[in-house]
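Heavy-atom basis, side chains included; hydrogens, waters and symmetry copies ignored. By convention in this document, chain letters (A, B, ...) are assigned in the order of the sequence lines, proteins followed by strands, and residues within each chain are numbered from 1.
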Amino acid sequence: AQTVTQSQPEMSVQEAETVTLSCTYDTSENNYYLFWYKQPPSRQMILVIRQEAYKQQNATENRFSVNFQKAAKSFSLKISDSQLGDTAMYFCAFMNPWGFGNEKLTFGTGTRLTIIP
Amino acid sequence: NAGVTQTPKFQVLKTGQSMTLQCAQDMNHEYMSWYRQDPGMGLRLIHYSVGAGITDQGEVPNGYNVSRSTTEDFPLRLLSAAPSQTSVYFCASSYRAGANVLTFGAGSRLTVL
């Protein structure tokens, strides 16, 4: 079974600074997907970024980028030029989509990020 | 295009009562699923469906029933609510089983007294 670990329950950073959220995972699979989801106070789950394990290039979405280290099973999220709207709970998640009905997301416990004005 | 719609948004139940959380999507998605979110535990899969008439158990299925009579709807039933089922419930869908992008509903907060 896969596990996802987020070791930082809470973080805070000044507006406009850069922050990195950590995530490690454990799996015996070779092909899989990794995700970062954002959950603001509205409770909506919002996909921030996605990484396919067979791609060596790190995914980037505007101010959000990942550092994917497959051998180390590490998947950190970097937020550049942080904004007040980035304040949210961030979840790292793993998916192995290669089986019938085997598409469940395995989530970490989350990191609560606060951007300080 | 409403996406994934969950009702109700909030519900308070007494132990032993039954209720149904509704989930509807208008994107013609084949795959639908229910997760629960508890403090300090992330989200965990309860049940899922890969198409109309097909459902299966996820990680934490006990105490919940589901059915999928149409592509659009995937209700989650609590037959006899227990305080341990106090949680926030999310419905999520994707266009097919194996697709790697889920669309989530806004969540339903359930409190069982």
Side-chain angles (χ1 to χ4, degrees), chain A residues 1-10 21 23-27 29 31-55 59 61 75 88-112, chain B residues 2-10 23 25 29-51 53-61 66 68 74 87-110:
Chain A
Q2 292 83 14
T3 59
V4 177
T5 301
Q6 294 179 250
S7 58
Q8 304 153 312
E10 295 186 17
L21 281 58
C23 173
T24 58
Y25 59 94
D26 188 24
T27 183
E29 301 293 335
N31 293 319
Y32 46 86
Y33 291 91
L34 294 164
F35 306 84
W36 280 98
Y37 279 89
K38 170 185 178 181
Q39 187 179 42
S42 67
R43 203 170 62 197
Q44 182 73 46
M45 294 292 289
I46 302 166
L47 178 64
V48 175
I49 202 164
R50 174 184 58 189
Q51 175 77 43
E52 295 149 332
Y54 63 86
K55 289 186 177 180
E61 290 286 344
F75 183 61
M89 181 74 87
Y90 287 81
F91 291 97
C92 179
F94 171 102
M95 177 189 281
N96 174 7
W98 310 114
F100 183 81
N102 201 20
E103 298 81 7
K104 76 163 189 173
L105 282 167
T106 300
F107 285 85
T109 52
T111 295
R112 186 174 301 279
Chain B
V4 178
T5 302
Q6 290 183 233
T7 55
K9 287 185 168 46
F10 301 93
C23 176
Q25 51 87 13
H29 282 177
E30 289 185 356
Y31 180 83
M32 297 185 74
S33 56
W34 278 101
Y35 287 81
R36 62 177 287 173
Q37 182 179 19
D38 301 298
M41 298 189 73
L43 282 75
R44 293 178 293 168
L45 181 66
I46 304 171
H47 283 286
Y48 65 92
S49 169
V50 298
I54 306 170
T55 64
D56 207 344
Q57 297 180 351
E59 187 182 356
V60 287
V66 292
R68 184 95 178 270
F74 190 45
S87 189
V88 179
Y89 292 85
F90 287 93
C91 181
S93 71
S94 63
Y95 73 94
R96 64 168 176 79
N100 57 68
V101 178
L102 289 174
T103 301
F104 281 85
S108 299
R109 180 178 292 279
L110 175 66

>> For B:R44, which atoms come within 4.5 Å of any heavy atom of chain A: side chain, backbone, both, or neither?
In response: neither

> Taking the side chain as C-beta and beyond, is there a heavy-atom pair between B:F90 and A:Q39 under 4.5 Å?
Replying inline: yes

> Once you round to the nearest 0.5 Å, how far does CD of B:Q37 lie from CE of A:M89?
Replying inline: 7.5 Å

>> Run the side chain to side chain donor-acceptor pair (under 3.5 Å) test against B:Y89 and tell me which residues pass, sequence neighbours left out.
In response: B:Y64

>> Quick check on B:S108 against chain A: is it the side chain, the backbone, both or neither that has a heavy atom closer than 4.5 Å?
In response: backbone

> When rounded to the nearest 0.5 angstrom, what is the spacing between OG1 in B:T103 and CD1 in A:I46?
Replying inline: 12.0 Å

> Heavy atoms, side chains only, cut-off 4.5 Å: are A:Y37 and B:L43 in contact?
Replying inline: no

> Between atom CG of B:L102 and atom CE of A:M45, what is the distance when rounded to the nearest 0.5 Å?
Replying inline: 9.5 Å

>> For B:F104 versus A:L105, what's the shortest heavy-atom pair and its separation?
In response: CZ-CD1, 4.1 Å

